[in-house]
Amino acid sequence: MRVFVTGASSHVASEVVPELLAAGHTVTGLARSDRAAQVVRSLGADVRHGDLNDLDGLRAAAAESDGVIHLAFQHDQQYGGDLAGAAAADLRAIEAMGAALSGSSRPFVGTNATGALTLAGFHGRLTEHDVLPGGLRIEAENVVVALAEQDVRSSVVRLPPTVHSAGRFGLASALIELARASGLAGYVGDGSNVWPSVHTRDVGRLYRLALESAAAGSRLHAVAEEGIPLRDIAAVIGRHLNLPVAPVTAAAEHFGHLAMFVGMDNPTSSKITRDTLGWAPSGPDLLADLGDFLAAP
């Protein structure tokens, strides 16, 4: 397939793009800067310059492709305090690309976060069958799934808070930076709330499987470990940085924009994904990868 990939210079794309190329697909990656374009080319993909606000460009790129993998999200806008604005831009981009694929039976693989459902009010162990009518990033997920009604083989991959490899750990990277800056590896309450996790190499494989064979209208979970207690993540950080590990009472003050995530309890199953696509994650677990990184000279 000729695959158009947004967010093609991202950490997740560093495994998605090589996985696609190794399987015989050709890839054109969206790049919003010269630096991003250099990264995309280094992965072996062609470059299309643009960003999520270039709706005409996104429509054209999707129309020229045999399938789309949508990885991009305006994280700089999110972490700047405008998550709603970033989610709105994401939704507009999905609608533009989805319209270009309508009636074609071609695949569109979107992206959401497992934590988005928890932050929107979901409680308990999340499965691929669990859905919500709305919430930040959830509207976009539902729009992707609904493309199946327009003869698009659409699917959504939900990513956990900690997609990790090569010294990058998703939200856990922010916890490392904060621990170094504050002198404390902290958590909220008793730290028993959990985050799911997955190695980036396994994520790359899942996106390829979704592109090639996911059923129209399906939700998939890129989750290898269902839930790691936050106090265990903090303990590894504290041990390797020689910092105290303790609960934080003034969470909003200490964690800043991370406060909404640090207390999140997000146990997540991927059994349906494994059973339907034959996906079998095999990468190292989060705490081992985190410990190896922090122990390195």
Side-chain angles (χ1 to χ4, degrees), residues 7 10-12 71 73-87 90 111-126 130 132 134-141 157-165 167-182 184-200 203 221-238 241 243 245-269 285-287 289-290:
S10 67
H11 175 53
V12 170
L71 302 176
F73 191 78
Q74 294 180 346
H75 292 289
D76 51 352
Q77 186 174 2
Q78 172 187 345
Y79 294 136
D82 187 14
L83 176 56
D90 183 50
T111 302
N112 195 7
T114 62
L117 284 90
T118 297
L119 294 175
F122 179 84
H123 297 288
R125 182 171 176 260
L126 184 69
D130 291 314
L132 290 177
L136 291 176
R137 300 202 69 175
I138 296 171
E139 287 94 343
E141 171 182 301
V157 174
R158 291 171 174 168
L159 295 174
T162 49
V163 178
H164 62 94
S165 66
R168 301 179 70 172
F169 303 93
L171 287 180
S173 289
L175 294 182
I176 295 170
E177 294 173 7
L178 181 59
R180 284 176 168 150
S182 68
L184 173 68
Y187 52 87
V188 174
D190 65 1
S192 62
N193 62 297
V194 302
W195 287 353
S197 185
V198 68
H199 193 272
T200 319
V203 174
H221 283 178
V223 169
E225 297 177 271
E226 290 198 3
I228 305 162
L230 263 290
R231 63 171 174 255
D232 292 353
I233 296 173
V236 171
I237 295 171
L241 297 183
L243 295 174
V245 179
V248 174
T249 53
E253 180 180 343
H254 180 81
F255 290 108
H257 73 273
L258 289 173
M260 65 188 296
F261 302 109
V262 174
M264 179 175 65
D265 190 38
N266 185 216
T268 303
S269 168
D285 64 44
L286 173 67
L287 297 184
D289 199 12
L290 191 59

> Does a side-chain heavy-atom distance below 4.5 Å link Phe73 with Thr111?
Replying inline: no
> Less than 4.5 Å apart, any side-chain heavy atom of Pro196 and any of Pro267?
Replying inline: no
> Rounded to the nearest 0.5 Å, what separation is found between the OG atom of Ser197 and the CD1 atom of Ile228?
Replying inline: 4.5 Å
>> Restricting to non-hydrogen atoms, name the atom on Ala140 and the atom on Asp90 that form the minimum distance, rounded to 0.1 Å.
In response: CB-OD2, 3.6 Å
> To the nearest 0.5 Å, what is the distance between CG (Leu178) and NE2 (His254)?
Replying inline: 4.0 Å
> Which heavy atom of Leu243 sits nearest a heavy atom of Ala179, and at what distance?
Replying inline: CD1-O, 3.3 Å
> Which heavy-atom pair separates Ala222 from Val203 by the least distance, and what is that distance?
Replying inline: CB-CG2, 4.3 Å
> Looking at Ala259 and Ala251, what are the two nearest heavy atoms and their distance?
Replying inline: CB-O, 3.8 Å
> What heavy-atom pair brings Leu117 and Ile138 nearest, and what distance separates the two atoms?
Replying inline: CA-CD1, 4.0 Å
>> Taking the side chain as everything from C-beta on, heavy atoms only, tell me whether Asn266 gets closer than 4.5 Å to Pro161.
In response: yes
> Are Thr114 and His221 close enough that a side-chain donor and a side-chain acceptor fall under 3.5 Å?
Replying inline: no
> What are the two closest heavy atoms between Val245 and Gly238, and how far apart are they?
Replying inline: CG2-CA, 3.7 Å
> Can you check whether Leu230 reaches Leu175 side chain to side chain, under 4.5 Å on heavy atoms?
Replying inline: yes
>> Are the side chains of Leu119 and Leu136 in contact, using a 4.5 Å heavy-atom criterion?
In response: no
> Asp190 versus Arg231: any side-chain heavy-atom pair under 4.5 Å?
Replying inline: yes
> Would you say Thr162's side chain and Ala172's backbone share a donor-acceptor pair under 3.5 angstrom?
Replying inline: no
> Hey, what's the ring geometry for His199 with His164, parallel, tilted or perpendicular (30° and 60° as the breaks)?
Replying inline: perpendicular
> If only atom types and distance count, is the side chain of Asn193 paired as donor or acceptor with the main-chain N or O of Val262 below 3.5 Å?
Replying inline: yes
> Mind checking whether Thr200 and Val163 have side chains closer than 4.5 Å, heavy atoms only?
Replying inline: yes
> In Å, rounded to the nearest 0.5 Å, how long is the span from CD of Glu225 to CG of Leu287?
Replying inline: 6.5 Å
>> Test your reading of the model: is there a side-chain donor-acceptor pair from Trp195 to the backbone of Gly115, 3.5 Å cut-off?
In response: no
>> Are the side chains of Thr118 and Leu126 in contact, using a 4.5 Å heavy-atom criterion?
In response: no
>> I need the Asp232 CG to Ser192 OG distance, nearest 0.5 Å.
In response: 10.0 Å
>> Would the distance check show the side chain of Arg168 and the main-chain N or O of Ser173 forming a donor-acceptor pair, the cut-off being under 3.5 Å?
In response: no
> How many angstroms lie between atom CZ of Phe169 and atom CG of Leu290, to the nearest 0.5 angstrom?
Replying inline: 5.0 Å
>> Let me confirm one number: the CD1-OH distance from Ile237 to Tyr187, rounded to the nearest 0.5 Å.
In response: 12.5 Å
